[in-house]
Each structure stands twice: as C-alpha cells, then as structure tokens.
Trainee: 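Have a look at this one before I ask anything.
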Amino acid sequence: MAEVPLLPISRAMHEFLTFASEADMIALWGASFLLCAGLALVMERRRARRAQIDGVGWMPWTGLFLICAVIGGGLLAVAIPGIIRG
C-alpha cells in the first residue's frame with residue numbers, strides 16, 4: 001500500500017500527536033472544548049441580536065457554552081500541572 005504524502009504542518013502535528021504525553025492530549029481536548037464554547041457564545045450572541053427572533057430554530061447555545069466551558073476549563077486545570085512537571 002502506498003504511503004500518503006503529508007504536508008509539512010501535518011507531518012509536524014502527526015509527530016507531536018504520536019509522542020505527546022497524556023497531559024498534552026488532555027490539554028488539546030480542553031482547548032478544543034473551549035473553542036466549542038467560544039463558538040457557542042458567538043452563536044448565542046448572533047441569535048440574541050436577530051431582529052426577528054422567531055425566524056431561528058431552537059438551540060440551547062447558552063447551555064452548550066456552559067457545558068463546554070466547564071469541561072474545557074476542568075481538563076486544562078488537570079493538564080497544566082502535568083505539562084509544567086514534564
């Protein structure tokens with residue numbers, strides 16, 4: 001089977017993820033949850049500023065923001081001591 005060529009940035013990311021510690025992986029998950037929380041916050045503000053509020057579907061953006069922010073913050077709080085030590 002032929003090997004798929006990787007771009008330089010994806011090659012570096014592949015090497016990082018291959019040899020990353022558990023603390024690094026937890027920090028990546030935490031950062032991704034915080035990114036999702038930021039997206040939910042933007043979408044909630046966008047929905048709230050809409051002129052015709054009945055023209056949008058129902059999505060619990062505030063709840064998603066809170067859940068993602070708490071999970072992301074907790075994962076980063078757990079990962080930071082391991083990153084500092086290692």
Trainee: Closest heavy-atom contact between A37 and A69?
Mentor: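 Result for this residue pair: CB-N, 3.7 Å.
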Trainee: What's the spacing between L41 CG and R46 CZ if we round to 0.5 Å?
Mentor: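 That separation rounds to 13.5 Å.
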Trainee: To the nearest 0.5 angstrom, please state how far the CD1 atom of I26 sits from the OG atom of S21.
Mentor: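 Going from the CD1 atom of I26 to the OG atom of S21 covers 8.5 Å.
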Trainee: Can you tell me how far apart CE (M43) and CG (L64) are? Round to the nearest 0.5 Å.
Mentor: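 Reported to 0.5 Å precision, the distance equals 11.0 Å.
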Trainee: If you look only at distance, which donor and acceptor atoms sit under 3.5 Å apart when one is on a side chain in residues 28-35 and the other is two or more places apart or in another chain?
Mentor:
from : atom 1 : to  : atom 2 : distance (Å)
S32  : OG     : L28 : O      : 3.3
S32  : OG     : W29 : O      : 2.7

Trainee: Going from CH2 on W61 to CZ on R45, what distance comes out if it is rounded to the nearest 0.5 angstrom?
Mentor: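 If we round to the nearest 0.5 Å, W61:CH2 and R45:CZ are 14.5 Å apart.
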Trainee: Restricting to non-hydrogen atoms, name the atom on A27 and the atom on I83 that form the minimum distance, rounded to 0.1 Å.
Mentor: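 Heavy atoms of A27 and I83 come nearest at CB-CD1, 3.7 Å.
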Trainee: Give the other cluster members for I80, using side-chain heavy-atom distances under 4.5 Å between Ile, Leu, Val, Met, Phe, Trp and Tyr residues; answer none if it is isolated.
Mentor: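 I84, all in the cluster of I80.
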Trainee: Rounded to the nearest 0.5 Å, how far apart are SG of C36 and CD1 of I71?
Mentor: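 Those atoms lie 10.0 Å apart.
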Trainee: Does any pair with a residue in residues 27-44 pass salt bridge (Lys or Arg N to Asp or Glu O under 4.0 Å), and if so which ones, sequence neighbours excluded?
Mentor: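 Non-adjacent pairs meeting salt bridge (Lys or Arg N to Asp or Glu O under 4.0 Å): E44-R47.
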